[in-house]
Amino acid sequence: MSKASNKRVYWAIASAALLTFIGILNETSMNVVYPQLGKQFGVPLSTVQWITTGYLLTVTIIMGTTAYLLRQFPARWLHLAAALAFIAGNLMGATAESFGVLLAGRVIQGIATGLSTPIMFQLIFADIPREKLGFMTGIAAMVISFAPALGPTYGGLVAASASWREIYWFLLPLACLALIGGQLFIRNQPFGNSAPFSSGALVLLALALSALIYAISLIGKGGFSVSFFLMAALGILLFLAFIYVNSHGKTQLVNLEIFQSKSIWLATLTYFGLQFVNIGLSVAVPVYAQYVLGSSSLIAGLILLPGSIVGAILAPISGTLADHFGYKKPLIFGASLFVAGLILLTLIQPLLTPLLFVLVHILIRAGFNLTFSNTISNATTLVTRKQSADVNSVFNMVQQFAGSLGVGLATALIAIFQKTGCGSLAVRTYQGGRLDFIVFLLTGILVLLMIIGNLKSQEEK
């Protein structure tokens, strides 16, 4: 690769990364203004949370199409569609006069992020040499893990100095810059598809994920009711139908043959668990800080900033460590830090202050970023280059769905305690927050065990 070509590749990745960053930043930037939005539009917390859950759900569904789209269409034109969708949704959100319009704008923005994130990873997997793959995947992971953690800080700062609408306006110039950069530098050519698009599989996948997310939201309204179990069962049945149609039709939405490998299964579940906790905390912490600790939206957002910065610094370092020393040490050490932070968060909950929150979150984020990017880059080394598009699509889809579940469950558990618990609103929120922290801790322990099992399986092979 010539120097000029090499330069163009990095600028192309930067353009996709910028659009991905502002898209994911916008996922969680509204989390700190849930109380304000609830008052302004007259809707409860269980409804307000759909501006994040609906966004993430849309991202997940769109990502299910990208394995096909990246093979069929030039990444340049997909990036253009993503940038235009983000700008349109951004303008709708900034000018929304009703909750419905705000939610619709968020869904359109979700389409943009659902396209831009896999484009970023595909540019890396297609154009970056294997010896630099860990470092560049670490950079990409820094984008998709730093942005959601930084979102509440950004939202809190803007809401405190202006209004929540400026959260959208300030991102508009960056979206335009990403659009221009993508058209100038992205030149990847698609592999092509020998079979048509599987629209049936996409519809079933969308219905399945929507049903499961809606089931989680029902917890915040009526607890673990009959409606919850019926909707969850429907979601599972629809997902099984998706697997059947995807595997037995003339074409596949996603090549699920990659899951014939036990290591890919474990890596996917690990990726899910990490992002479930990461995004869940990004909404649980600001809500908890405001309702229980009496913090302002600014302080609630700033709590996550130091950990976000530490994680951003560690993300490319973790990839470099894997490039030089293998995946075992950074994965196990990172997961151990992750679990240690979650244990500490659960144990010291009665003593929590904004400062203690900051310190514990730094530990959690350090562990998360040592583990997150190395999980997907390790997985891509276990498949062929052509299958990397499927790993890319599946892993990005899984991490977004994990985020939507994390947000949905975290807010649902707090909402049900606020609705049915005893004591003041602060006490009821404390009780819901405690259950959130326990769920996150159990997930973290499972992540550590899956990483150990996956590495052992790879060593045996």
From CA spacing to verdict: side chain to side chain contact (heavy atoms under 4.5 Å, CB included), Asn454, Thr270: CA-CA 9 Å; Asn454 192 355; Thr270 298; 5.5 Å; no
Atom of Ile108, atom of Gly89 and distance for their closest heavy-atom approach: CG2-N, 3.8 Å
Would you say Ser163's side chain and Ala159's backbone share a donor-acceptor pair under 3.5 angstrom? no
Heavy atoms only: give me the nearest Ala366-Leu337 pair and the separation to one decimal. CB-CD1, 4.4 Å
Would you find a donor on one side and an acceptor on the other, under 3.5 Å apart, between the side chain of Ser318 and the backbone of Asn369? yes
Rounded to the nearest 0.5 Å, what separates atom OG1 in Thr429 from atom CG in Asp436? 10.5 Å
What are the two closest heavy atoms between Ile414 and Gly433, and how far apart are they? CG1-N, 4.0 Å
Using a 4.5 Å cut-off on heavy atoms from C-beta on, say whether the side chain of Ser210 contacts that of Leu57. yes
Asn278 side chain vs Phe368 backbone, donor-acceptor pair below 3.5 Å: no
From Ile13 atom CD1 to Phe121 atom CZ, the distance as rounded to the nearest 0.5 Å: 11.0 Å
Audit row: Gln49, Val283, side chain to side chain contact (heavy atoms under 4.5 Å, CB included) steps and yes/no: CA-CA 9 Å; Gln49 63 89 24; Val283 67; over 6 Å; no
Can you tell me how far CG of Leu274 sits from CG of Leu269, rounded to the nearest 0.5 angstrom? 11.0 Å
Any side-chain heavy-atom pair of Phe86 and Ile111 under 4.5 Å: no
When you measure from the side chain of Arg106 to the backbone of Thr53, do you find a donor-acceptor pair of N or O atoms at a distance under 3.5 Å? no
Thr20 and Ser116 side chains, donor-acceptor separation under 3.5 Å: yes
Contact summary for Ala112 and Ala82, nearest pair of heavy atoms: CB-O, 3.0 Å
For Gly114, is there any backbone N or O sitting under 3.5 Å from a side-chain donor or acceptor partner on Thr117? no
Mind checking whether Phe440 and Leu281 have side chains closer than 4.5 Å, heavy atoms only? yes
How long is the span from the OG atom in Ser404 to the CD1 atom in Ile213, to the nearest 0.5 Å? 3.0 Å
I would like to know whether Gln290 and Ser295 meet side-chain hydrogen bond (donor to acceptor under 3.5 Å, both in side chains); could you show each step before the answer? CA-CA 5 Å; Gln290 290 180 79; Ser295 302; over 6 Å; no
Side-chain contact, heavy-atom cut-off 4.5 Å: Lys7 with Phe185? no
Side chain to side chain contact (heavy atoms under 4.5 Å, CB included), that's the test. Do Leu37 and Leu102 meet it? Break it down for me. CA-CA 10 Å; Leu37 293 175; Leu102 177 62; 4.3 Å; yes
Under the 3.5 angstrom rule, does the side chain of Thr443 hit a backbone N or O of Val439 as a donor-acceptor pair? yes
A quick test of your reading: do over 12 heavy atoms of other residues, nucleotides or ligands sit less than 6.0 Å from CZ of Phe99? yes
Side-chain touch Thr113/Glu27, heavy atoms, less than 4.5 angstrom: yes
Working to the nearest 0.5 Å, report the span between CG of Leu218 and CE of Met231. 6.5 Å
Going by heavy atoms in the side chains, are Ile61 and Leu205 under 4.5 Å from each other? no
Quick one: which of Trp265, Phe372, Phe276 gives a ring pair (Phe, Tyr, Trp, His ring centres under 6.0 Å) with Tyr271? Phe372
Quick check: does any side chain N or O of Ser29 sit under 3.5 Å from a backbone N or O of Gly151, one acting as donor and the other as acceptor? no
Please answer whether the main-chain N or O of Phe338 pairs with a side-chain N or O of Arg365 as donor and acceptor at a distance below 3.5 Å. no
Are the side chain of Thr66 and the backbone N or O of Leu69 linked by a donor-acceptor pair below 3.5 Å? no
Tyr154 atom OH: more than 12 heavy-atom contacts under 6.0 Å: yes
Checking Tyr168 against Thr95: is there a side-chain donor and acceptor pair closer than 3.5 Å? no
Write down the atom of Asn374, the atom of Ala322, and the distance for their closest heavy-atom approach. OD1-CB, 3.3 Å
Mind checking whether Phe357 and Phe437 have parallel, tilted or perpendicular rings, split at 30° and 60°? perpendicular
Taking the side chain as every heavy atom from C-beta outward, state whether Leu212 and Phe401 have any atom pair closer than 4.5 Å. yes
Between Tyr34 and Thr411, a side-chain donor and acceptor under 3.5 Å: no
If you round to the nearest 0.5 Å, how far is OG1 of Thr65 from CG of Leu115? 6.0 Å
Evaluation steps, side chain to side chain contact (heavy atoms under 4.5 Å, CB included), between Phe228 and Tyr214: CA-CA 8 Å; Phe228 161 75; Tyr214 184 66; over 6 Å; no
Any side-chain heavy-atom pair from Met30 and Trp164 closer than 4.5 angstrom? yes
Does Ile186 offer a backbone N or O that forms a donor-acceptor pair with the side chain of Arg76 under 3.5 Å? no
